[in-house]
Amino acid sequence: KALDKSAPLYVYCRSGGRSANATQWLQQNGFSKVHNLLGGITAWEEKQFPIEIDIQTNQMTLSQFLNLLPKDKKTLVDISAVWCPPCKKMEPIMDSLKKEGNVIITIDGGSQKTLVEELNIKAFPTFIFYDKTKEYKRLVGLQTFEELKQNLDK
């Protein structure tokens with residue numbers, strides 16, 4: 001209600017899907033100058049357009065990340081973002097997997113831009129399965145407990 005419905009409004013998300021839905025909703029609710037960033041911030045970054053990064057966050061290197069992985073166990077790495085609705089939906093599933101004794105490492109991909117780029121992550125959440133330090137599977141988007149558990153048990 002506080003926004004001027006006739007002023008330009010720019011909407012974006014990571015990949016463009018959620019912002020497209022938001023754009024449609026805004027237009028249906030009387031906003032006349034709504035612009036969606038097609039392909040989201042991922043497409044923006046791929047074109048190497050400028051972007052401000054929170055320089056307060058220490059960026060993890062790929063080497064530092066690999067050193068987090070246990071050398072003797074299978075690990076599920078959850079690369080998500082605090083602002084990502086599908087990532088929020090996955091939190092109870094990740095908690096259940098942890099309670100079963102599985103090794104789960106969660107990385108905030110929203111702030112760890114360097115690592116996200118080095119791991120070639122294009123969407124959140126992304127789940128990477130490691131056997132010791134070797135990647136053997138990736139899944140992107142909402143997953144079931146059973147799907148994640150099955151891949152951990154392989």
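Below, each value reflects all heavy atoms present in this structure, side chains not excepted, and no hydrogens, waters or symmetry copies.
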Colleague: Report yes or no: does Trp44 contribute a side-chain atom to a donor-acceptor pair with the main-chain N or O of Gly39 at less than 3.5 Å?
Modeller: no
Colleague: For the pair Lys122 and Glu45, evaluate salt bridge (Lys or Arg N to Asp or Glu O under 4.0 Å) and give the outcome as yes or no after the intermediate values.
Modeller: CA-CA 11 Å; Lys122 299 294 183 194; Glu45 290 173 331; over 6 Å; no
Colleague: Counting distance only, does the side-chain N/O of Ser15 pair as donor-acceptor with the main-chain N or O of Gly40 below 3.5 Å?
Modeller: no
Colleague: Is any side-chain heavy atom of Ile93 closer than 4.5 Å to one of Thr144?
Modeller: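 Contact flag for Thr144/Ile93 side chains = no.
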Colleague: Determine the minimum heavy-atom distance between Val140 and Gln143, stating which atoms define it.
Modeller: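 Looking at all heavy atoms of both residues, the shortest contact is O-NE2, 3.1 Å.
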Colleague: Parallel, tilted or perpendicular, judged at 30° and 60°: which one describes the rings of Tyr10 and His35?
Modeller: parallel
Colleague: Measure from the side-chain N and O atoms of Lys5 to the backbone N and O of Asn29, and report whether any donor-acceptor pair falls under 3.5 Å.
Modeller: yes
Colleague: Kindly work out whether a path of hydrophobic side-chain contacts (I/L/V/M/F/W/Y, heavy atoms less than 4.5 Å apart) joins Ile104 to Tyr130.
Modeller: no
Colleague: Answer yes or no: does atom CD of Glu117 have more than 12 heavy-atom neighbours from other residues, nucleotides or ligands under 6.0 Å?
Modeller: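 Count not over threshold, so no.
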Colleague: Linking I/L/V/M/F/W/Y whenever their side-chain heavy atoms sit closer than 4.5 Å, directly or via other members, would Tyr12 and Trp25 fall into one cluster?
Modeller: no
Colleague: Are Leu66 and Tyr136 connected in the hydrophobic side-chain network, where two residues link if heavy atoms are under 4.5 Å apart?
Modeller: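 Shared cluster, no.
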Colleague: Under 3.5 Å, is there a donor-acceptor pair between the side chain of Asp4 and the main chain of Ser6?
Modeller: yes
Colleague: What are the two closest non-hydrogen atoms of Ile79 and Gly109, and how far apart are they?
Modeller: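 Taking Ile79 first and Gly109 second, the nearest heavy atoms are CG2-CA, 4.0 Å.
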Colleague: With heavy-atom distances below 4.5 Å as the criterion, would you say the side chains of Met90 and Leu142 are in contact?
Modeller: yes
Colleague: Looking only at atom types and distance, does a side-chain atom of Gln59 sit under 3.5 Å from a main-chain N or O of Ser111, one as donor and one as acceptor?
Modeller: yes
Colleague: With a sphere of 6.0 Å drawn around NZ of Lys134, does it hold more than 12 non-hydrogen atoms of other residues, nucleotides or ligands?
Modeller: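 No, not enclosed.
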Colleague: Between Leu148 and Met94, is there a side-chain heavy-atom distance shorter than 4.5 Å?
Modeller: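 Yes, close enough: below the 4.5 Å cut-off.
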Colleague: Hey, is the main chain of Asn58 close enough, under 3.5 Å, to the side chain of Gln112 for a donor-acceptor pair?
Modeller: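 Such a contact is found between Gln112 side chain and Asn58 backbone.
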Colleague: Hey, any chance Val103 and Leu97 share a hydrophobic cluster, counting ILVMFWY side chains that come within less than 4.5 Å of each other, even indirectly?
Modeller: no
Colleague: Is there a side-chain contact between Ser19 and Leu37, using heavy atoms and a 4.5 Å cut-off?
Modeller: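 No, side chains not in contact.
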Colleague: Shortest non-hydrogen contact from Thr75 to Pro70?
Modeller: OG1-CD, 3.1 Å
Colleague: Give the minimum heavy-atom separation between Cys87 and Ala81, together with the two atoms involved.
Modeller: SG-N, 3.5 Å
Colleague: Taking the side chain as C-beta and beyond, is there a heavy-atom pair between Asn102 and Lys149 under 4.5 Å?
Modeller: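 They are in contact (side-chain heavy atoms under 4.5 Å apart), so the answer is yes.
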Colleague: Does Thr61 offer a backbone N or O that forms a donor-acceptor pair with the side chain of Gln64 under 3.5 Å?
Modeller: yes
Colleague: Determine, using the 4.5 Å side-chain heavy-atom cutoff (strictly less than), whether Leu69 and Phe127 are members of one ILVMFWY cluster.
Modeller: no
Colleague: How far apart are the closest heavy atoms of Arg138 and Asn120, and which atoms are they?
Modeller: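 For Arg138 versus Asn120, the nearest heavy atoms are NH1-O, 3.7 Å.
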